[in-house]
Amino acid sequence: MSATPESSPAPQAPPAAAVAKSGPKKAMEKLGLKRDIDLALHLPLRYEDETRLVPIAQAGEGETVQCEGVVRECRVELRGRRQLIVRLMEDGADTRGRAAELTLRFLHFYPSHQKSLAVGTRVRVRGEIRGGFFGREMVHPTFRTVDEDTPLATSLTPVYPTSAGLPQAYLRKAIAAAMKRAPLEEVLPAGTVPRPLPSLREALDYLHHPPPLARLGSLEDHSHPAWQRLKFEELLAQQLSQMKAQRERARLRAPMLPTRPGGLQEQLLAALPFALTGAQRRVCEEIAQDLARPQPMHRLLQGDVGSGKTVVAAMSAAICIAAGWQCALMAPTEILAEQHFRKLIGWLEPLGIQVAWLTGSVKGKARQKMLDAVADGSAQLVVGTHAVIEDKVQFRFLGLAIVDEQHRFGVAQRLALRKKLESSSGEMPPGYGDHVPHLPAQRSGIEPHMLMMSATPIPRTLAMTYFADLDVSTIDELPPGRSPIVTRVFADGRRDEVIAKIADAVAEGRQVYWVCPLIEESEALDLKNATETHAELSAALPERMIGLLHGRMPPAEKAAVMSLFASGEMQVLVATTVIEVGVDVPNASLMVIEHAERFGLSQLHQLRGRVGRGSVASVCVLIYTGPLSQTGKERLRAMAETTDGFEIARRDLDIRGPGEFMGARQSGAELLRFADLQEDAPLLQAARRLAPQLLDAHPAAAAKHVDRWLGSKAEFLKA
Ligand code: ADP
Ligand code: MG
């Protein structure tokens, strides 16, 4: 289609054969339906009952039923618009008169409809019964022509999730064919599957074509044993692949980065303007122990907003650099990367560490110089955005990769970071062997250690399930001297009061954030909203400097605005959600969030964490525009009631359920299709018990099972 020039006459349809080949098949592939097994595991959303015929007279209004009759009349009528009216008469109707008549009405129709619904044809129709002016009718029923002895379906008809360009009938046929070919033999050894669940083959046969008397309720709420079997299989595949990844990691090699007394990390500690909290000390210790081992660390460092993760990153970097290796720190936005850069330079440069800065906006000669310094190993710490994982960036001795706000990165990006060491030349940092015993003889197969940081804590059970291959460290304590943030909720009508509050705060020498909502569909609207608010505040506070920050500004301009705000020259910053992560301006003590109802709970929490970083009491004002949905109300209430990030995460999980809660963190990768971690906890337990036994005693069966369920996704689960 894209080749059609705009000026040409009506585009020519591609030849029918080409459509048949590329259209639905492509659509199927887009849905991930490539292998027979993928199709076999594509399960119905619901079912239609075509196993019986309902006598027209007995069909209740509003019911969806299947009826059969012979066409008595078929004509086009003009009732406001052209429509095709078809009158059916049920068998034996002559004795029952109008009660056995059914009118079919088509508002859109083709000549082919008239042809196949010609008078005298016997048709089987399915649709919703309505009581029309001329008796019972169906609007746009599905229909097919039949003979007197055409058999009825013997099982319920599945209705599959589908997409544009993929007709239900095509998909049904494809799935039925795939079910015949798919290798569905039992791969799990006898006695390992919890009884009394059916075999996979039985379960799938049942779910694709349930018998007429199946209890639809248990099929629809997925409590039926056939569903239980599928969920168990899925959970088992997930557990297996993660445990496998864990075991594989144990076999991988990483540079040993032991801490030495008096080393850089101790010097850093001594130079910091504050003492670490107990929680920070504990997680630093956990990380140091991992780094000293010859297996790559995969650790998730979670801690509430403002809990002080950056300094933990700096301590880890110091350990790595002291051992002669390079460290990379990647942040999701340029602003955040720059904040880290400034902070880390302040801490580490006095210790003689070379800190480099690498983002998309570093260009030309400066960029080449940076790349050279990374490649020859002289850049000891490289701070940047996604630019850090570009192919051109070659580290000589990457020992530790730190990812801040890790949930904002896709799995592929984390994988790319892990591969950064593989491509390097294979030499060891000078002097490295002097301190480290048992060097791996070869550099090949070596990976850097990984530290992932997140301010959106994941409840422990979820973390264990989704990240079985991740150790978790938690900072559960805020640095001392913080005053709690008070959160107040305002309806939009009280905007003037909020602006008065801003004037007060500014008069007291404080700074203010005003965050405008994210409107996902339209960046332009997003911007309009922020610009208008900026104008409104500029008019209300003419003496003050009011800044505007949004995603479309060039990085240099963003940085300029940000630095005016950071230095205190600018009093109010109106921003779209670009400030969501990590910005640290301790003098900001008032945060206004407009259209708070549009934000997710954890997002609100993150935003709120931008204030309350200094010693003055901070306030967060949530402005909402009603009416609020039930979950909207729950979210705002949760925000007003607690500032504990873990509690917020728990409530978020309650409100949204685990699928969606994790969804945001998995960049769309759908990890569990059938099972629900909370509802199916007993099945999860069983899967978790069985997985290690299978890996030990039946590795081939385990591999087969994982491949069947995860196919190409398995690689991703490891990251
Ligand atoms: P986050 O965990 O959200 O990334 P940051 O690392 O940005 O938090 O830390 C928030 C603020 O707290 C920073 O200004 C940081 O310098 C400061 N900070 C970190 N640790 C301590 C501490 N132990 N005592 C006092 N202030 C600290
Ligand atoms: Mg941070």
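Each ligand, and each atom within it, is numbered from 1 in the order the structure gives. Excluded from the calculations below are hydrogen atoms, water molecules and symmetry mates; all remaining heavy atoms, backbone and side chain alike, are included.
Atoms of ligand 1 found under 4.0 Å from any heavy atom of Ser307 (numbered from 1 in listed order, with element): 2 (O), 8 (O). Counting atoms of ligand 1 from 1 in the listed order, those under 4.0 Å from a heavy atom of Val305 are 3 (O). When each atom of ligand 1 is checked for a heavy atom of Pro479 under 4.0 Å away, the hits are 20 (N), 21 (C), 22 (C), 24 (N), 25 (C), 26 (N), 27 (C). Atoms of ligand 1 found under 4.0 Å from any heavy atom of Leu276, numbered from 1 in the order shown, are 23 (N).
Evaluated by nearest non-hydrogen atom to atom 6 (O) of ligand 1, the leading choice among Thr310, Leu478, Val312 is Thr310. Of all the listed residues (Met453, Glu477, Arg610, Gln280), Gln280 holds the heavy atom that lies closest to atom 20 (N) of ligand 1.
Using a 4.0 angstrom heavy-atom cutoff, Ala275 counts as in contact with ligand 1. Residue contacts with ligand 1 include Lys343, since one of its heavy atoms falls under 4.0 Å from the ligand. Residue contact annotation: Asp304 has a non-hydrogen atom under 4.0 Å from ligand 1.
No N or O atom of Trp347 sits closer than 3.5 Å to an N or O atom of ligand 1. Below 3.5 Å of separation, one finds no N or O of Gly303 facing any N or O of ligand 1. At under 3.5 Å, a nitrogen or oxygen of Gly308, whether backbone or side chain, sits near a nitrogen or oxygen of ligand 1. Polar contact with ligand 1: absent for Pro480 (N/O pair, distance under 3.5 Å).
Within the 4.0 Å heavy-atom criterion, both parts of Thr277, backbone and side chain, lie near ligand 1.
For the pair Glu334 and Lys558, the salt-bridge criterion is not met [side-chain N within less than 4.0 Å of a carboxylate O]. The pair Lys501-Glu497 does not meet the salt-bridge criterion, since no charged nitrogen lies less than 4.0 angstrom from a carboxylate oxygen. Glu597 and Lys633 are not joined by a salt bridge, as no carboxylate oxygen comes within less than 4.0 angstrom of a charged side-chain nitrogen. Salt-bridge annotation for Asp372 and Arg367: absent, with no side-chain N of the basic residue lying under 4.0 Å from a carboxylate O of the acidic one. A salt bridge links Arg299 to Asp290: one of the charged nitrogens lies within less than 4.0 Å of a carboxylate oxygen. Ion pair Glu477/Arg281 not flagged as a salt bridge, since none of the NZ, NE, NH1 or NH2 atoms sits closer than 4.0 Å to an Asp/Glu carboxylate oxygen.
Under the 3.5 Å distance criterion, the side-chain polar atoms of His595 are left unmatched by any main-chain donor or acceptor of Cys516.
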With side-chain contact (heavy atoms from CB on, under 4.5 Å) as the test, would you mind laying out the steps for Ile593 and Cys620 before giving the verdict? CA-CA 8 Å; Ile593 304 175; Cys620 173; 4.2 Å; yes
Mind running side-chain contact (heavy atoms from CB on, under 4.5 Å) on Ser454 and Leu300 for me, showing each step along the way? CA-CA 7 Å; Ser454 170; Leu300 176 67; 4.2 Å; yes
